[in-house]
Amino acid sequence: MSLRAERGAATREKVVAIARRLFAEHGYEGTSIEAVLHESGLSRGALYHHYAGKDALFEAVLEAVESEVGRAILASVRGVDDPRQALVTGCLEWMRLAGDPVVRRIALIDAPSVLGWERWRAMEERHAFGMLKAALQASRAVPEEFTDLHAHMLLAAINESALLVARGGGPEAAEAALEDFLRRVLGPTP
């Protein structure tokens with residue numbers, strides 16, 4: 001990689017880290033480009049060289065958050081041989097991750113309204129939601145023609161559980177309830 005490309009990558013990484021913190025603390029609406037410029041020390045032109053605007057910067061932040069979530073979910077199921085257990089383990093890990101204030105604010109609260117549902121879901125398809133669908137299909141817990149619909153329903157249940165925990169619910173009780181729910185929905189291991 002050339003020195004110029006390395007500097008560009010380092011600048012993008014720095015800006016995404018700053019914007020991530022600001023978006024998590026203040027939300028999309030409460031974060032201004034001026035705040036990002038102030039903290040990064042970049043000129044407006046330099047920022048817009050890398051990101052076309054605040055929406056594009058938010059999308060880059062969301063992509064980074066989604067990638068981290070995906071890596072964490074994969075790490076949580078590493079070594080789990082049973083596909084249904086892997087599905088339950090991955091779902092529980094997503095609920096824990098979705099309870100993180102940064103993940104919750106960026107991926108669950110702001111992303112659908114900033115990107116719009118279709119663009120947000122397309123990004124989710126490349127990350128956690130795509131993994132959920134693949135795990136559900138591998139588990140053979142539902143007929144193949146219902147995989148997509150069931151994946152949406154499972155994701156809704158997991159996300160709602162995480163949001164409830166974030167609003168002051170007990171995480172241990174929510175995890176136990178979600179695990180019980182998933183086992184009932186998925187049925188016994190064949």
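All figures in this text were calculated on a predicted structure; none of them were measured in a lab.
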Inset, instruction - Answer yes or no: is there an ion pair linking Arg126 with Glu66, defined by an N-O contact shorter than 4.0 Å? - result: no
Legend entry - Flag if over 12 foreign heavy atoms under 6.0 Å of CD, Glu144: no
Legend entry - Straight-line distance of His152 NE2 to Leu132 CG, nearest 0.5 Å: 9.5 Å
Inset, instruction - Looking only at non-hydrogen atoms, find the nearest pair between Met95 and Ser161 and report the distance. - result: SD-CB, 3.5 Å
Inset, instruction - Answer yes or no on whether Arg121 is positioned over the face of Phe129, meaning its NZ or CZ is under 6.0 Å from the six-membered ring centre and within 45° of the axis. - result: yes
Inset, instruction - With the side chain counted from C-beta on, respond yes when Phe23 and Val65 share a heavy-atom pair under 4.5 Å apart, and no when they do not. - result: no
Inset, instruction - Answer with yes or no whether the hydrophobic clustering places Phe58 together with Trp117; edges join I, L, V, M, F, W, Y residues whose side-chain heavy atoms lie under 4.5 Å apart. - result: yes
Legend entry - Exercise: identify the closest heavy-atom pair between Ala157 and Phe181: CB-CE2, 3.7 Å
Legend entry - N/O donor-acceptor pair under 3.5 Å between Thr31 side chain and Leu22 backbone: yes
Legend entry - Glu63 side chain near Glu59 side chain, heavy-atom distance below 4.5 Å: no
Legend entry - 4.5 Å side-chain heavy-atom contact, Tyr51 and Arg12: yes
Legend entry - Gap separating the NE2 atom of His26 from the OG atom of Ser32, nearest 0.5 angstrom: 9.0 Å
Legend entry - Candidate pair Glu34 and Lys54, rule salt bridge (charged side-chain N to carboxylate O under 4.0 Å, His left out), full reasoning: CA-CA 10 Å; Glu34 288 71 26; Lys54 185 174 163 181; over 6 Å; no
Legend entry - Shared hydrophobic cluster for Leu136 and Val77 (ILVMFWY, side-chain gaps under 4.5 Å): no
Legend entry - Separation of Glu118 CD from Met123 CE (nearest 0.5 Å): 14.5 Å
Legend entry - Closest approach of Ala98 to Val103 (non-hydrogen atoms, all atoms of both residues): CA-CG1, 4.0 Å
Inset, instruction - Decide, yes or no, whether a salt bridge links Asp100 with Arg104 under the criterion of side-chain N to carboxylate O below 4.0 Å. - result: no
Inset, instruction - With rounding to the nearest 0.5 Å, note down the distance linking OG in Ser76 to CG in Leu92. - result: 8.5 Å
Inset, instruction - Calculate, to the nearest 0.5 Å, the distance between atoms CH2 and CG belonging to Trp120 and Leu108 respectively. - result: 6.5 Å
Legend entry - Neighbour count above 12 (heavy atom, 6.0 Å) for Phe146 CZ: no
Inset, instruction - Decide yes or no for Leu182 and Leu87: does some side-chain heavy atom of the first lie under 4.5 Å from some side-chain heavy atom of the second? - result: no
Legend entry - Flag side-chain contact, heavy atom, 4.5 Å: Ile109 against Tyr28: no
Legend entry - Sole candidate of Ile158, Val88, Leu154 that passes side chain to side chain contact (heavy atoms under 4.5 Å, CB included) when paired with Leu178: Ile158
Legend entry - Co-membership, hydrophobic cluster, residues Leu62 and Leu155, 4.5 Å side-chain: yes
Inset, instruction - For the residue pair Glu6 and Ser2, confirm or rule out a side-chain donor-acceptor distance under 3.5 Å. - result: no
Inset, instruction - State, to 0.1 Å, how close Ser139 and Pro83 come at their nearest heavy-atom pair, and which atoms those are. - result: CA-CB, 3.8 Å
Inset, instruction - Calculate, to the nearest 0.5 Å, the distance between atoms CD and NE2 belonging to Glu13 and His50 respectively. - result: 12.0 Å
Legend entry - His49, NE2: over 12 other non-hydrogen atoms inside 6.0 angstrom: no
Inset, instruction - Look at the side-chain heavy atoms of Ile, Leu, Val, Met, Phe, Trp and Tyr, link any pair under 4.5 Å apart, and say whether Val80 and Leu74 land in one connected group. - result: no
Legend entry - Lys/Arg N to Asp/Glu carboxylate O, Arg105 vs Glu25, below 4.0 Å: no
Legend entry - Whether Lys133 side chain and Ala128 backbone form a donor-acceptor pair below 3.5 Å: no
